[in-house]
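First up is the structure itself, then whatever we jot down about it.
Computation of the quantities below employed the complete heavy-atom set of this structure, encompassing side-chain atoms and omitting hydrogens, waters and symmetry-equivalent molecules. Counting begins at 1 with the first residue of the sequence.
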Amino acid sequence: MIFDWLPSVLIAIVLMLAVVGAVRRISLWRAGQPSPVNIIAGLMAMPKRYLHDLHHVVERDKYMSRTHVATGGGFVLAMALVILVHLFGVDSKILAWALLAALVMMFTGAIFVFKRRRNPPSRLSKGPWMRLPKSLMTFAVTFFVLTLPAAGILPDGTGNVLLTLVLSALILISLGEMLFGMTWGGPMKHAFAGALHLAFHRRQERFGGGRSTGLKPAELGVEVHGVSKPTDFKWNQLLGFDACVQCGRCEAMCPAFAAGQPLNPKKLIQDMVVGLAGGTDANYAGSHYPDPQGKGREPGSAKGSPTEVITAGLVDAETLWSCTTCRACVEECPMMIEHVDAIVDMRRFLTMEKGETPNKGAEVLDNIIATDNPNGYAPGSRTNWAADQNLNVMRDVKKAEVLFWVSDGAFDMRSQRILRSFVKLLKAANVDVAILGDEERDSGDVARRLGDDATFQNLAKRNLQTLSQYEFKTIVTTDPHAFHCLRNEYGDFGSDALDNVEVLHHTTYLNRLVQDGKLKLDTFKGGTVTYHDPCYLGRYNGEYEAPRELLRSMGIEVAEMERSGFRSRCCGGGGGAPITDIPGEKRIADMRVEDAKETQADLIAVGCQQCTAMLEGVVEPRPEIRDIAEILVDQLIEEVH
């Protein structure tokens, strides 16, 4: 080819510009707060995390999984060979043929990207993303032609000035998108930031099949609590925002977005990207926040910078308060971005610094501080429900096999029916059980999700102090929110009270009793049953099977809702959402009951008192709502001695 030196010079120029962009982008991330990471270990682990953990999520969409393998894998391999063959001029027909094969693989993947982009689902961002398949194809074709002489398919020197100029232009266009765009903000930005995000993820425990769902404790007594501006985030959180591929899986799963509340997790992450780099959302080409009140915020009006208060112009506070913290967005994100962490971080600023918790938020937090329970009941009435239950109290017995963590259902008449059912089952199985009685305090779940980490930490430390006085092997609770706090969040406060203690949800414990033959059950004959997975039991703690196994033990064949298991729809009761009460176009609980009605269910089995309250709040006609403990009690075969 004429001007043989030109491709290598162009490749070198684009690579240098990409490096400049990378340095600039890294400096934006490093403006965040310190977060210690092991750089070497992270980089070493990155390939495995990319091929295993990331693809575990991508694989849920077989079409995109295969497309991504062909396109991404083909590009990475092709780029490495382009550098060897065309930048360093390594004379090897084997490498040239390998490059041709990689380019064919990449081109095949690009065809599937093109087909997806011809009629993209609404959740996908458009704009610059629509040109991506053309850029991928241009890259593959350009370097395929350029490599033919090196592979011996065409003689050296093939071509004329016009072909040289055309190929050079195509090299600039395609490499510019692939490499320059990676680090300067093009659609391929996720490839650069995403790889580093996997290496330096804030929750290293998530990889290799691990689970990490507990919120990180807020540092108290500092100048500013929570996140007010982008640079208040940890640096690797800022890196995580840049990893977003704008696939919109989070948007499709978000219950608040579906209900028409002003939250779209994808838009929120893209607003964080605007904040860390500075500018407006004018170039955002995806779905915006629903606007149920018709405030009419125009695209491009959201403005921010690394040092400006986020809620002063970039994101409305109502967006943050719409989140139910159900983690559906986190579970679906192929780039493993932590949306809920970011939202609670920003809530902490609004609550602890500004005192701007909306609607009944401030009242509830005041109640918790004054009475240790969200509704302000007299603390001494916590054990009234158990007056006729003849339950041991830890203060008296000092030790028991099982500690029953009653939670704040103790103050609610509907929840008390669940508690009594559970106690009856424990007694039928002859379990040595005790409660804390008036010594138990609220777990702090609501306070923490509302951003008041000071109150949460105070409650956690006092509860741990109480627990440390007694001897028990197992804690069981009917409340998945308390279960999550005890199991995943109390461990951050330096107490050994829960060391070697198993923390269980009541469905898990009851299932063990049934499997061990300690509870005998009759066959259920009450019609069709579906099961609603509580977010804080399922997505937060991975317990999907025990409740279903319990139902099967009564001869129930669960009629699964379309959204069940890790894709279950939230009831709308988590994250303090019923307290902050941000209006939407419809209620999340109504949508969940509609999900159940599609199964023709007569009964919705639940394992959470908040879910029970939310679903029973849906106007009838609707299926009956019952906790699994209540269903079990009715089928209990009591032995007469």
Side-chain angles (χ1 to χ4, degrees), residues 21 24-33 35 125 127-128 183-187 189-190 193 197 202 223-246 248 250-251 254 256-257 261-291 295-323 329 333 335 337-354 356 358 451 582:
R24 174 181 169 275
R25 209 72 198 175
I26 290 169
S27 70
L28 294 178
W29 304 331
R30 296 297 295 172
Q33 300 303 303
S35 178
S125 290
T183 54
W184 286 84
K189 174 165 63 73
H190 72 278
H197 174 56
R202 195 176 177 218
E223 186 176 346
V224 177
H225 295 93
V227 166
S228 66
K229 54 187 185 299
T231 50
D232 289 337
F233 282 113
K234 303 295 184 186
W235 72 270
N236 44 3
Q237 285 180 287
L238 297 179
L239 164 60
F241 301 148
D242 249 355
C244 177
V245 69
Q246 298 193 43
C250 55
E251 172 186 313
C254 177
F257 180 80
Q261 293 178 260
L263 170 63
N264 177 344
K266 182 178 77 173
K267 176 69 166 63
L268 179 70
I269 295 301
Q270 287 309 302
D271 282 345
M272 296 299 101
V273 173
V274 169
L276 77 93
T280 76
D281 66 344
N283 294 326
Y284 174 71
S287 303
H288 285 257
Y289 301 121
D291 186 14
K295 292 182 178 178
R297 190 165 187 172
E298 294 295 325
S301 61
K303 301 175 182 176
S305 77
T307 55
E308 288 184 70
V309 174
I310 292 168
T311 50
L314 187 59
V315 175
D316 290 337
E318 287 188 344
T319 291
L320 305 178
W321 295 116
S322 294
C323 178
C329 52
C333 180
M335 302 309 296
I337 297 169
E338 296 282 347
H339 311 67
V340 175
D341 283 5
I343 287 171
V344 175
D345 281 341
M346 289 185 277
R347 285 184 178 185
R348 286 170 175 170
F349 171 72
L350 294 175
T351 295
M352 290 197 286
E353 291 293 336
K354 308 283 284 185
E356 294 179 352
I582 302 301

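- What you find for C329 and C250 is that their closest heavy atoms are CB-CB, 3.5 Å.
- Residues P262 and T319 come closest through the heavy atom pair O-OG1, 2.7 Å.
- The closest donor-acceptor contact from the side chain of T231 to the backbone of T307 lies at 3.5 Å or more, if one exists at all.
- For the atom pair F241 CZ and N236 CG, the distance stands at 10.0 Å (nearest 0.5 Å).
- Taking 4.5 Å as the limit, every side-chain heavy atom of F349 sits out of range of all side-chain heavy atoms of K229.
- The backbone N or O of N264 lies less than 3.5 Å from no partner atom in the side chain of E251, so there is not a single donor-acceptor pair.
- Here the closest heavy-atom approach between residue I310 and residue P230 is recorded as CG1-CD, 3.6 Å.
- We find the CG-CG distance between L314 and D271 to be 4.5 Å, quoted to the nearest 0.5 Å.
- In this structure, the separation between CD on E338 and NE2 on H197 is 7.0 Å, given to the nearest 0.5 Å.
- The shortest distance between side-chain heavy atoms of L320 and V315 falls below 4.5 Å.
- Not a single donor-acceptor pair under 3.5 Å links the side chain of T280 to the backbone N or O of S301.
- D242 places a side-chain heavy atom less than 4.5 Å from the side chain of R25.
- The side-chain heavy atoms of H339 and I269, taken from C-beta on, include a pair separated by under 4.5 Å.
- Of the candidates Q261, M346, R347, R347 is the only one forming a side chain to side chain contact (heavy atoms under 4.5 Å, CB included) with C323.
- Taking the side chain as every heavy atom from C-beta outward, F233 and M272 approach each other to under 4.5 Å.
- Once rounded to the nearest 0.5 Å, the distance linking NZ of K266 with CD1 of I337 reads 11.5 Å.
- Considering all non-hydrogen atoms of both residues, G21 and W184 come closest at CA-NE1, 2.9 Å.
- Looking at heavy atoms from C-beta onward, T311 lies out of side-chain contact with E356 at the 4.5 angstrom threshold.
- Residues K234 and R202 have side chains in contact (heavy-atom distance under 4.5 Å, counting atoms from C-beta outward).
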request  = In sequence, state the C-alpha distance, the side-chain angles, and the governing distance for F257 and S287, and then conclude on side-chain contact (heavy atoms from CB on, under 4.5 Å).
outcome  = CA-CA 10 Å; F257 180 80; S287 303; 4.2 Å; yes
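- Interatomic distance, CD1 of I343 versus OG of S322, reported as 9.0 Å (0.5 Å rounding).
- A salt bridge between D281 and K267 is present, with a side-chain N of the basic residue lying under 4.0 Å from a carboxylate O of the acidic one.
- Proximity of R348 to H225: side-chain heavy atoms (C-beta onward) are nowhere separated by under 4.5 Å.
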